[in-house]
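All remarks here apply to the structure that follows.
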There are 2 protein chains.
Amino acid sequence: MPDRKPDPAPTGPLHEQVFRRLSADLMAGRFAAGQKLPLRALAAEMGTSLMPVRDALQRLESLGALVGTAGRTMMVPRLSPEQRADLLRLRLMLETGVIGAAAERRSEADLADLSEENTGMRAAAERGDTAAFLAANLRFHRGLAAAARIHFLEALLDPLWMRLGPVVRDQTPDRANMLRTAEYHDAILRGLLRRDGAAARAALEADVLDGAPALTGALLPGASPAPQD
Amino acid sequence: MPDRKPDPAPTGPLHEQVFRRLSADLMAGRFAAGQKLPLRALAAEMGTSLMPVRDALQRLESLGALVGTAGRTMMVPRLSPEQRADLLRLRLMLETGVIGAAAERRSEADLADLSEENTGMRAAAERGDTAAFLAANLRFHRGLAAAARIHFLEALLDPLWMRLGPVVRDQTPDRANMLRTAEYHDAILRGLLRRDGAAARAALEADVLDGAPALTGALLPGASPAPQD
DNA sequence: TTATCGAAACTGTTATAACAAATCCCCCGG
DNA sequence: CCGGGGGATTTGTTATAACAGTTTCGATAA
């Protein structure tokens, strides 16, 4: 496997390095809901002073990825079933809303990257590696959004993923689920290849809604949030 | 006019007070695109040290409402026509995506508030007060989103408004535009009243798209971003 | 007059330290 | 054995000061 990203190369101010690291941890589900993140502990762990981690935590709070407790200590939020359902609904809305643009604008490189990502995901699924599966799934969907080439889209979706991470964490999809996800992704890719936005959208919707019950506790009333009443 | 919000009551940490103030200034279009916001100037203006304003500016940056210049000074971003179009597209997508929920869940109080807001907006339009018009328009649309009762929705829309503020600022709608907006809003309200999501959505789309050319420079290809191809 | 070099003023960044508030835990009384 | 009270500890917040980078402006030379 070629080195696509050798290493993000810890560049820029410390608070941004901390921010990137914590963001990635959040999205990857390395933090549990309800977990508290004390300033001094993190600072010590990273070998910096309080200020950079304080900056990073505050930014994450304003993104909604963390919440402040009564004592102002940052905590990764516990989401109610309704909140989890709304989270998924918004993600579905955004992703289905832009996949038409992705179908039009996707480059060959986009297709190749997404395809490779999905074969990796399927491999993880077959080997039962849920952690790798979830990480690959995240990358696939973020790549999908990137292919749409819409400014500010990542800025909307990433915070949703950060909130989703802890939710996905304590949920173990079985092999059948994971393989089904890979199938959906294949269907999405076929749609993108043929520049058939509608087909890709249908597959995407099926993909998101398939995993929804497990995440929300079988909530999510209407399938599509608002295509036409 | 009854005192709905006597005063947000400067509560909480300083950095949050600063954040709220700057956010409001951004959304209201009190800052111009390209304007730089030096730490020490703002700190002196508000009578605090650097740290609280630094925190606030950093949070705004991570929301995308500000961008850091080469010298790390924060600046309100200059948006390209494409960026402005995408901004509007995303706003339209989100607002139309949730207005169905608003039509279902809106309370009587929601209707009353929105209606009052719109009469105020129309009054501002007739008297040619564009600042008041824009402020009322903002409150109307934010109220619309609030009526949908979808968690995290404000967290997605507010950053868009913050980026839109400076764009709207240096654009002076004529009286006809403003009055037309009030008409669209009336149509939206009629839709909400009858719990007719489709009608409300159509009026909302017309509302947003009507103002789009002036904001983007006549961009915005397809009307609805992705209902059905 | 214009271009260039250099210094001074300004920028955000980070660490340290003092502070206030909330929390935790142990001890005492029931 | 259980419930409260109170002090010690831990929490985030903010200011100050030292730092490094950039920008800017003036003087000098072509």
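All values reported here derive from a predicted model rather than from experimental measurement. Chain naming here is simple, since letters A, B, ... match the order of the sequence lines and numbering starts at 1 in each.
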Expected output: side-chain A:D86 to main-chain B:H151 donor-acceptor under 3.5 Å:
yes
In this structure, which one of A:M27, A:M121, A:E117 forms a side-chain contact (heavy atoms from CB on, under 4.5 Å) with A:L138?
A:M27
For residues 51-75 of chain A, which residues have at least one heavy atom under 4.0 Å from DNA chain D?
A:M51, A:R54, A:Q58, A:G71, A:R72, A:T73
Given side-chain contact (heavy atoms from CB on, under 4.5 Å), test B:I188 with B:L114 step by step and report yes or no.
CA-CA 10 Å; B:I188 294 171; B:L114 288 171; over 6 Å; no
Do B:H141 and B:E95 get their side chains close enough for a donor-acceptor pair, meaning under 3.5 Å?
yes
If you walk 5' to 3' along DNA chain D, what is the first nucleotide with an atom under 4.0 Å of a heavy atom in chain B, and what is the last?
D:dT13 to D:dT23
Listing request: all salt bridge (charged side-chain N to carboxylate O under 4.0 Å, His left out) pairs with a residue in residues 48-70 of chain B, at least two apart in sequence or in separate chains.
A:R54-B:D55, A:D55-B:R54
Any side-chain donor-acceptor pair under 3.5 Å between B:H15 and A:Q58?
yes
One should read off an interatomic distance between A:D25 CG and A:Q35 CD, to the nearest 0.5 angstrom, of 9.5 Å
Measure from CG on A:L39 to C1' on C:dA22 and round the result to the nearest Å.
15 Å
Between A:S107 and A:D110: side-chain donor-acceptor atoms closer than 3.5 Å
yes
